[in-house]
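Just the heavy atoms: all of them, side chains too, but no hydrogens, waters or symmetry mates, feed the values below. Quick caveat, the model's predicted, so the values are computed rather than measured. Remember, it's 1-based here, ligands and their atoms both numbered in the order they're listed.
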Amino acid sequence: MIKKLIKIIGLIFLILLLTVLTQVGGIILLLFLLIWKKTLNKIERLKTARKIYRLGIKTGSFLIFYLLICLFIVPILARPFGRVPLPMNHANLQPLNIMTCLLNRHYVTEELLDATLSATEDLNTVYPGTVIAYLDANFPFIDAFPLLPHLSHDDGEKLDLAFLYTASENGEALNDAAPSFIGYGVFEEPFPSEQNQPDFCKNKGYWQYSILGSLVPQWNKSDYQFDIERTKALLQILTKEPAINKIFIEPHLKTRMNLHSDKIRYHGCGAVRHDDHIHIQL
Ligand SMILES: [Zn+2]
């Protein structure tokens, strides 16, 4: 009895976790368990196999089932909801971390996809061979279903992009690369002479503002140099995209890059700091 209860609580927790992380993972798991019960679980050899072996087969089968649905079915179903996946292997635009796509966190409206691709193309006319790395976008379905921890990424109209970097070792321009493996949490800190918004927010009691810096490993930081030239060019191009309405970066970087567009705004202390990535929205 207690064993069964623990199993049910574990299953509910797993479904919730998959829903928060991937939006559709919980539903896919339920569907898989139904199919499992009606088909594979009836195979005699599997029924009598050792528990660990059975668990391995079950987990492996679920992962394959999940991947097939996310790669081939979800993009088709997302279209009527006005969302399309960002490209996984485009010449100018790629995910920094493939997990962004495997967790369905790379959906945007067609308008935002077109504007982003147009900006990366324009950047390539100035800096050929540049590949922009994208971070979290939105889930495939339903408005007002936030992609945690980004509360505003809930309508297909928001997208985060990584900064551009050069290698500290030889100054070589890096592409689809960032010091943080998730793209967040390794900051391009304000110089002592610059406006220090992160300190200001921290002193006002906004503990979450810089929290990622203490959660994300910093060991790659010294290998990467902020590529001010290419990042500035990217931001200038983004501000000229008619569909893009707002861009968030930290105020000290806006000043450092000598950018003046009204589209580049400050996001407020209630968000998290933006000196590790660029946020764009329609
Ligand atoms: Zn964002």
Below 2.8 Å, any N, O or S contact between [X] and the Zn ion (ligand 1)?
X: H274; value: no
X: D160; value: yes
X: H277; value: no

Query raised in the report: Pairs in or reaching into residues 135-146: which pass side chain to side chain donor-acceptor pair (under 3.5 Å), with residues at least two apart or in two chains?
Result: R83-D143, R105-D136, D136-H150

Query raised in the report: Going by atom types alone, do E241 and S118 pair a side-chain donor with an acceptor below 3.5 Å?
Result: yes

Query raised in the report: the Zn ion (ligand 1) as vertex, arms to NE2 of H153 and ND1 of H279: angle to 10°?
Result: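 Computed angle, vertex at the Zn ion (ligand 1), rounded to 10 degrees: 100°.
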
Query raised in the report: What residues, two or more places apart in sequence or in another chain, satisfy disulfide bond (SG atoms under 2.5 Å apart) together with C101?
Result: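 For C101 there are no disulfide bond (SG atoms under 2.5 Å apart) partners, ignoring immediate neighbours.
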
Report summary line: One should read off an interatomic distance between Q281 CD and S152 OG, to the nearest 0.5 angstrom, of 6.0 Å

